> 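What follows is a single structure, and I will ask about it in a moment.
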Amino acid sequence: MAARTVLHYYNGRGRAEIIRWMLAVADIEYEEQFCTTLAELDKLLESGDLMFQQIPMLEIDGMKLVQTRAILNYIADKANLYGSNLKERAYIDMYVEGAIDLVTLILYYFFLPECDQEKQRNLMKEKAHNRYFPVYEKALEGKQYLVGDKLSFADVYLIYDILSLEDFHPDILQNWPNLQAFKKRICEVPTIKKFLQPGSKRKPMADATYIATVKLLAFR
């Protein structure tokens with residue numbers, strides 16, 4: 001009997017949402033165990049499974065993986081989403097690192113004082129238009145995917161970023177035709193289309209309960 005795949009995190013997007021995306025694209029069935037109290041987090045800490053004393057953690061293939069990027073790399077390799085050669089992998093890594101930088105602006109937003117949130121929303125848009133979107137728009141010129149001729153980890157991270165940004169700026173792709181076409185095309189990938197439907201494990205934008213939980217458990 002195969003070992004269960006279990007994702008341990010808070011009941012919200014945060015640093016685990018891209019893991020959910022990757023598991024969905026890889027068509028890997030998994031369970032979720034949410035940390036909602038100090039006692040639940042302390043139990044994980046006392047188990048010794050959290051190498052750096054933080055979540056997310058993914059139980060998969062008999063291992064207990066921590067650190068978001070390590071988890072994502074494992075899923076990408078397992079699901080053949082990491083390019084066909086070393087050169088492609090290097091480009092995937094560069095595009096992913098850019099996507100991480102961009103989405104981090106969103107992750108921080110929810111924990112800023114209300115007086116700073118409008119500035120952060122504007123910063124998301126400014127950085128997307130002036131630093132990140134030009135790179136991805138150029139990379140997609142005449143191409144279906146960012147790297148090579150098949151879906152990769154980089155494509156998954158980019159569509160995750162785009163949809164996350166659209167929660168704040170619905171018209172953010174207005175002047176980016178290649179990114180518009182990319183979004184339309186990638187959202188039709190069967191596993192992604194399924195993940196975007198109601199009832200999936202995709203999480204909504206952070207609400208007050210999620211923010212309070214993270215502040216209690218992660219910021220102590």
Side-chain angles (χ1 to χ4, degrees), residues 2-35 44 49-108 128 132 135-136 139 145-148 150-165 182-183 186-187 189-196 200-203 206 210 214 218:
R4 297 183 307 157
T5 300
V6 183
L7 177 62
H8 299 262
Y9 196 63
Y10 313 112
N11 188 10
R13 290 184 182 178
R15 297 190 181 280
E17 188 68 1
I18 184 59
I19 298 172
R20 298 183 184 102
W21 272 86
M22 286 290 286
L23 288 167
V25 173
D27 202 21
I28 297 172
E29 293 292 330
Y30 66 101
E31 303 170 18
E32 293 191 273
Q33 291 190 6
F34 301 123
C35 271
L44 275 177
D49 293 330
L50 300 182
M51 186 182 293
F52 297 106
Q53 302 176 26
Q54 57 191 0
I55 49 178
M57 178 177 74
L58 183 69
E59 298 183 49
I60 187 169
D61 296 339
M63 298 179 293
K64 295 181 179 179
L65 301 179
V66 297
Q67 299 299 103
T68 302
R69 186 63 196 272
I71 294 169
L72 294 172
N73 288 352
Y74 183 81
I75 299 169
D77 261 336
K78 181 180 176 70
N80 196 25
L81 294 168
Y82 220 157
S84 300
N85 53 56
L86 192 59
K87 182 177 179 179
E88 287 189 359
R89 185 168 184 149
Y91 274 92
I92 289 168
D93 283 339
M94 287 192 287
Y95 290 133
V96 165
E97 289 294 335
I100 290 170
D101 290 346
L102 181 54
V103 84
T104 298
L105 298 173
I106 298 174
L107 298 181
Y108 286 161
Y132 298 103
V135 173
Y136 297 121
Y145 306 107
L146 285 171
V147 180
K150 62 183 180 181
L151 186 73
S152 78
F153 178 18
D155 300 305
V156 179
Y157 222 123
L158 179 57
I159 192 62
Y160 163 59
D161 273 22
I162 288 170
L163 296 183
S164 298
L165 285 164
F182 172 84
K183 175 192 168 185
I186 298 301
C187 285
V189 172
T191 52
I192 292 177
K193 187 173 184 178
K194 181 180 177 181
F195 185 64
L196 294 174
S200 79
K201 290 186 170 72
R202 187 182 182 216
K203 299 296 181 280
Y210 170 78
V214 175

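Everything quoted here is computed from the prediction, not taken from an experiment.
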> Minimum heavy-atom separation for R4 and Q33, please, with both atom names.
NH2-NE2, 4.2 Å
> With a 4.5 Å heavy-atom cut-off, do I162 and F182 have their side chains touching?
yes
> Can you name the closest pair of heavy atoms from L81 and L151 and give their distance?
CD2-O, 3.6 Å
> Testing the 3.5 Å rule here: is there a donor-acceptor pair between the side chains of Y74 and D61?
yes
> Are any of the side-chain nitrogens in D27 or K194 under 4.0 Å away from the carboxylate oxygens of its partner?
no
> Of V147, N73, D77, which meets side-chain contact (heavy atoms from CB on, under 4.5 Å) against F153?
N73
> Would you mind listing every ring pair (Phe, Tyr, Trp, His ring centres under 6.0 Å) that reaches into residues 87-108, with sequence neighbours excluded?
Y95-Y136
> Can you check whether I92 reaches L146 side chain to side chain, under 4.5 Å on heavy atoms?
no
> Between C187 and I192, what is the shortest heavy-atom contact and its length?
CA-CG2, 4.1 Å
> Please report the closest heavy-atom contact between F195 and A24, naming both atoms and the distance.
CD1-CB, 3.5 Å
> More than 12 heavy atoms of other residues, nucleotides or ligands under 6.0 Å from CE of M51: is that the case?
no
> Answer yes or no: does atom NZ of K203 have more than 12 heavy-atom neighbours from other residues, nucleotides or ligands under 6.0 Å?
yes
> Should the heavy atoms of other residues, nucleotides or ligands under 6.0 Å from NZ of K201 be counted, would the total exceed 12?
yes
> Taking all heavy atoms of I55 and all of H8, pick out the closest pair and write down the distance.
CB-O, 3.8 Å
> If you look at every heavy atom in R20 and Y10, which pair is closest and at what distance?
NH2-O, 3.4 Å
